[in-house]
Structures are given as C-alpha cells and as structure tokens.
Novice: 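Please find one structure pasted underneath; my questions will follow.
Numbering of ligands and ligand atoms starts at 1, following listing order. We count residues from 1, following the sequence as given.
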Amino acid sequence: MKSISLIQFLIEERRAGRMNAELSLLIEVVARACKRIAVATNKGALGGVLGEAGTGNIQGEAQKKLDVISNEILLEANAWGGQLAACASEEMEHPQPIPDMYPKGHHLLLFDPLDGSSNIDVNISVGTIFSVLRCPDGITEPKAEHFLQEGTTQLAAGYVVYGPATVLVLTFGHGTHEFTLDREVGSFVLSRRNIRIPEETAEFAINMSNQRHWEAPMQRYIGELLAGTEGPRGKDFNMRWVASMVADVHRIITRGGVFFYPLDAKIKSKGGKLRLMYEANPMAFIVEQAGGAATTGRSRILDLQPTGLHQRVPVFLGSKKEVDVATHYHVEADGAQV
Ligand SMILES: O=P(O)(O)OC[C@H]1O[C@](O)(COP(=O)(O)O)[C@@H](O)[C@@H]1O
Ligand SMILES: [Mg+2]
Ligand SMILES: [Mg+2]
C-alpha cells in the first residue's frame, strides 16, 4: 500500500465530501497533541513525571502527574486551533471554554487524556481517547448540558495507544482506520483502512478479580467461556486483561475479541466504572464502524441519552456474536424478573 499520511488522508476525505475542513483541522490538532503526549510518556519512563499528582482528580481517583500533563497538552493545543467552542476532560469537573483571545469553532471536544494511567508507572501501554460533537447553534459559552448528546451524534472519535508503536485509530462515520506514527518522519501514516472486527472470537477481556460481585447473567456468560470444550460453548477461550481500555480495545480492533467492564456490587451505585462521554461512546463508535457491537449489557451504548458529563456505564464491546450472547443473557434475566 502506498504510504499515505494522516493529513493526505484527511484531504482525500474532504475532497470526497466525507469530512469538512474544520473537523479535519481539529483531528490534525488532536493528533499533533497526542504526539507530544507520546513524548511525555516516554519522558515519564526517564523519570521525573511518574507517580501521583496530588490529592486525586474529580473522579475521586489517584491522579498521576502524566494525567495532568496530558490534559494540559490537549487543552493548550486546542485553545488556538479555531475549531472548538469548548473542551471537556476526565480530569476537569466542568467544561473548559476557549480563551477569549483565540478564534472559536463549531465543535465540542471531549477526552480522556491518559487512559490506563494506573499502568504508566510500570511501563504498560496507555492511551488517549477523544470524541467530537457539534456545538449547538447559537451557544457561545457551552455548558455541561450542551455536551450531553447521544453517542450517535458524534462527528468523530479516536484513540491513540502509546505502546511499542504509537498508533492512532479514527472514525468519522465512514469506517474505522488506523495510522501508525513514523517516529523518524514525525507523521502518522495510514496502516489499515476500513478495519473489520471478526464477528466470532475465542478471546475475552474482563477483570476476573471482580467475579464474585458480578450480576448472575455475567456469572453465567463468563462461566460458560471458562467451561471451554466441555461446556455449552463447545470451545476453549483465552483471556487477556491489560487494565488499559485503549490497549484492550486496540487488541480487539487488531484481531477481534470481546471486552467487558460490567456492573458489579462494588460499583453499582456509581453506574459502572468507565465513563460514557469520553470512554464508552468514542470506543463504541469506533467499534461499530469496524463491524463490532457495543452495549451496556442491556442497551446499545450509542443510543443512551447522557445525564452527566462524567456519567459511568457498564461496557460490553467487540466481536458482535459474543456481545450479542452476553447482552441476551442480561435482557433475558431482566425479563424473567419482571
Ligand atoms: O483497574 P481495573 O478495575 O481493572 O480497571 C481498568 C480500567 O480502568 C481504566 O484504567 C480507567 O481509565 P483511566 O485510567 O483513564 O481512569 C481503563 O483504562 C481500564 O480498562
Ligand atoms: Mg480511561
Ligand atoms: Mg484517564
């Protein structure tokens, strides 16, 4: 395949009418910021920016110095781009308006600046997740409620995984595409176009240590996978759990598989572990555009009407057949309870 840079790809998409200039410039700005985050994570490994940032973030979780640095890199990069009306981040309680001296645009950008940050100190892949929405017409000072749009309204979504390679995966509603950073040249180069996730898989990802807290249908579904060839599924399954959503999802984007962060008794009161607006929705958009499925175990993630900027939801995503089986067990169990 002739090597095509991200910028050349975006120009092609604009010429084909599948992308507008402002959105493609925004994607370029985010990609450039993520290249700086990749450098920052590497510097982290060289010492000086590892460890905790302080008292913790608005999520009540331990905040790493690199969470803060990554957040600042994205805020700074997007301030002057001219494509945004406001940003929202896992690391900030409220949306961040674009400073007055900068030109404003028509988009809202949401991001998890550093996903999987519990892994940063042990040099396991982490990432950045982002979602792009349209700012409602006439809104010049967007508030949180202006971000609360269903996942189906996303104009673009993507992630960058900072691993052995730095890889950007992107969708804007016309397939899911992968770009790999050529570190010598310094640009993202198209490495996979129109990715397809196999409908079938023999690989699942879940944090098994929570098993005793899961709901009955989750116990049933995972129990059947573990039963292997002697069980009702009649085949053996393999398990992976990186504890970086971006890394687990990238494995699924690359070779198929299914990822679960289900409700459990410990987190039920919070609604789940992962955040809808800047983890579940962008990943659901990316996965569905690659032929996969994404539900809460009971309904399609992209159809959810958000109720809060940092709302948490259960996440089942990946190879369609397995997401369907696990979701069916939950819906059937709910029906039986009615
Ligand atoms: O530590 P656990 O319970 O396995 O949860 C791991 C999950 O939490 C997360 O790290 C949450 O994301 P953040 O690191 O951005 O807070 C996901 O990336 C990952 O899938
Ligand atoms: Mg995260
Ligand atoms: Mg994070």
Novice: Measure from atom 5 (O) of ligand 1 to every heavy atom in F259, Y261, Y278 and give the option owning the shortest one.
Specialist: Y261

Novice: Using a 4.0 Å cutoff against the non-hydrogen atoms of G116, which atoms of ligand 1 qualify?
Specialist: 10 (O), 12 (O), 13 (P), 14 (O), 15 (O), 18 (O)

Novice: Could you tell me whether K320 and E199 make a salt bridge, using a distance below 4.0 angstrom between a side-chain N and a carboxylate O?
Specialist: no

Novice: With heavy-atom distances below 4.0 Å as the criterion, list the atoms of ligand 1 near D112.
Specialist: 15 (O)

Novice: Indicate whether the side chain of T327 and that of R298 have a donor and an acceptor atom separated by less than 3.5 Å.
Specialist: no

Novice: Short of 2.8 Å from the Mg ion (ligand 3), name each protein N/O/S atom, waters not counted.
Specialist: E90 OE1, D112 OD1, L114 O

Novice: Looking at the rings of F259 and W241, which for Trp means the six-membered one, are their centres under 6.0 Å apart?
Specialist: yes

Novice: Of all N/O/S atoms in E279, which lies nearest to the Mg ion (ligand 2)?
Specialist: OE2

Novice: Atoms of ligand 1 less than 4.0 Å from S117 heavy atoms?
Specialist: 14 (O)

Novice: Ring centres under 6.0 Å, that's the criterion: do Y261 and F316 meet it?
Specialist: no

Novice: Could you list the atoms of ligand 1 found under 4.0 angstrom from a heavy atom of L114?
Specialist: 15 (O)

Novice: Answer yes or no: is there a donor N or O on one side and an acceptor on the other, between the side chain of S319 and the main chain of P198, under 3.5 Å?
Specialist: yes

Novice: Rounded to the nearest 0.5 Å, what's the gap from CD1 on I98 to NZ on K104? Could you check?
Specialist: 7.0 Å

Novice: Quick one: which of E91, K273, K266 has a heavy atom closest to atom 8 (O) of ligand 1?
Specialist: K273

Novice: Under the side-chain hydrogen bond (donor to acceptor under 3.5 Å, both in side chains) test, which residues partner S24, sequence neighbours left out?
Specialist: R14

Novice: Just by modelled atom types, is the H106 backbone N or O under 3.5 Å from a matching donor or acceptor in the E22 side chain?
Specialist: yes

Novice: Any nitrogen or oxygen of N207 lying under 3.5 Å from a nitrogen or oxygen in ligand 1? Just yes or no.
Specialist: yes

Novice: With sequence neighbours excluded, what pairs up with F147 under the ring-ring contact (aromatic ring centres under 6.0 Å, His included) test?
Specialist: none

Novice: Checking contacts here: is it the side chain or the backbone of D248 that comes within 4.0 Å of ligand 1, counting heavy atoms only? Could be both or neither.
Specialist: neither

Novice: Answer yes or no: is there a donor N or O on one side and an acceptor on the other, between the side chain of N210 and the main chain of H213, under 3.5 Å?
Specialist: no

Novice: Is R251 salt-bridged to D248, cutoff N-O under 4.0 Å?
Specialist: yes

Novice: Quick one: does ligand 1 sit under 4.0 Å from the side chain of R275, the backbone, both or neither, non-hydrogen atoms only?
Specialist: side chain

Novice: Below 4.0 angstrom from a heavy atom of M245, which ligand 1 atoms are there? Numbered from 1 as shown, please.
Specialist: 17 (C), 18 (O), 19 (C), 20 (O)

Novice: For S244, which part has a heavy atom under 4.0 Å from ligand 1: side chain, backbone, both, or neither?
Specialist: backbone

Novice: Yes or no: does S118 have any heavy atom under 4.0 Å from an atom of ligand 1?
Specialist: no

Novice: Measure the distances from the heavy atoms of I129 to every atom of ligand 1 and state whether one is below 4.0 angstrom.
Specialist: no

Novice: With sequence neighbours left out, write down each residue that passes salt bridge (Lys or Arg N to Asp or Glu O under 4.0 Å) with E224, or none if nothing qualifies.
Specialist: R220

Novice: For D115, counting its heavy atoms only, list the atoms of ligand 1 lying under 4.0 Å from any of them.
Specialist: 12 (O), 13 (P), 14 (O), 15 (O), 17 (C), 18 (O)

Novice: With distance as the sole test, does H146 use its side chain to make a donor-acceptor pair with the main-chain N or O of K143 at under 3.5 Å?
Specialist: yes

Novice: Are F179 and F9 an aromatic pair by the rule of ring centers under 6.0 Å?
Specialist: yes

Novice: Under 4.0 Å from a heavy atom of E279: give me the atoms of ligand 1 that qualify, with their elements.
Specialist: 11 (C), 12 (O), 15 (O)

